[in-house]
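One structure below.
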Amino acid sequence: MESISENNRIGIMGGTFDPIHYGHLVTAEAIRHQFDLKKVIFVPSGNPPHKKNRLITRNKHRYLMTVLATVTNEYFDVSRIELNKEGYTYTIDTIKEFREIYGEGNELFFITGADALLEIFTWKNAEELLELCQFIAATRPGFDSKEIDQQLKNIWTRFGKHIYAVEVPSLAISSTDIRERVNMDRPIKYLVPEAVENYIKKNNLYK
């Protein structure tokens with residue numbers, strides 16, 4: 001089998017990014033460096049079925065905030081691949097499209113939070129998904145590593161696939177907390193990039 005150059009490694013980071021914050025950016029940069037990724041593509045989610053009971057900010061706002069947050073890093077890109085779709089969006093379909101775009105010569109790494117990994121058996125076509133890309137599960141502060149370790153064993157037993165579990169110096173920041181802070185007129189400075197903070201104020205988001 002032909003070896004794949006490290007320069008052909010592409011990271012794909014999905015999330016609602018509602019809003020994107022420094023925790024996302026620190027995680028992406030740490031993993032990009034550790035895995036020698038050519039770039040990290042941020043993919044704001046379209047209409048994920050597992051969040052159908054939660055009101056998500058309009059696609060336009062989440063996309064523009066993600067662009068504003070990543071524009072100063074030459075290794076970061078943003079994709080509208082899910083935002084341009086109608087109906088529910090699934091990770092398997094997104095990864096298939098990226099596979100077609102970048103071809104077999106590139107190795108795809110899907111970056112997700114370790115908590116999301118716990119639900120992977122409920123994802124559409126999970127086994128096929130694990131075949132199409134490598135998974136990197138980023139641990140977050142305060143998360144139970146025993147639970148993750150058990151899930152990694154379960155995935156290996158069921159699918160024979162290894163998942164990279166990576167500890168990153170991520171900050172204990174959450175989008176939920178940021179939305180609540182904005183709603184209560186509490187400061188979010190230093191939790192999100194200044195451009196994102198200004199965008200939230202200008203567009204009166206999370207009020």
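Bear in mind that the values here come from a model prediction, so they are computed numbers and not experimental data. Computed over heavy atoms, backbone and side chain alike; hydrogens, waters and symmetry mates excluded.
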Do the side chains of [X] and [Y] get close enough for a salt bridge, i.e. N-O under 4.0 angstrom?
X    : Y    : value
E29  : R32  : yes
K96  : E100 : no
K38  : E107 : no
D185 : K207 : yes
K161 : E131 : yes
D77  : K39  : yes
K124 : D93  : yes
R181 : D177 : yes
R186 : E180 : no

State the [atom1]-[atom2] distance between [X] and [Y], to the nearest 0.5 angstrom.
X    : Y    : atom1 : atom2 : result
L130 : I95  : CG    : CD1   : 10.5 Å
H24  : S175 : NE2   : OG    : 4.5 Å
I136 : F109 : CD1   : CZ    : 6.0 Å
Y190 : E194 : OH    : CD    : 8.5 Å
F159 : N154 : CZ    : CG    : 10.0 Å

Does the gap between the ring centers of [X] and [Y] come in under 6.0 Å?
X    : Y    : result
F17  : Y63  : no
Y164 : F135 : no
Y199 : H61  : yes

Check: Mind checking whether L132 and L108 have side chains closer than 4.5 Å, heavy atoms only?
Finding: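 Of all side-chain heavy-atom pairs linking L108 with L132, none is under 4.5 Å.
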
Next item on the list: Answer yes or no: is there a side-chain heavy-atom contact under 4.5 Å between T91 and S45?
Entry: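 Answer no - side chains too far apart.
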
Next item on the list: Test H162 against L152 for side chain to side chain contact (heavy atoms under 4.5 Å, CB included), laying out the working first.
Entry: CA-CA 7 Å; H162 174 71; L152 294 178; over 6 Å; no

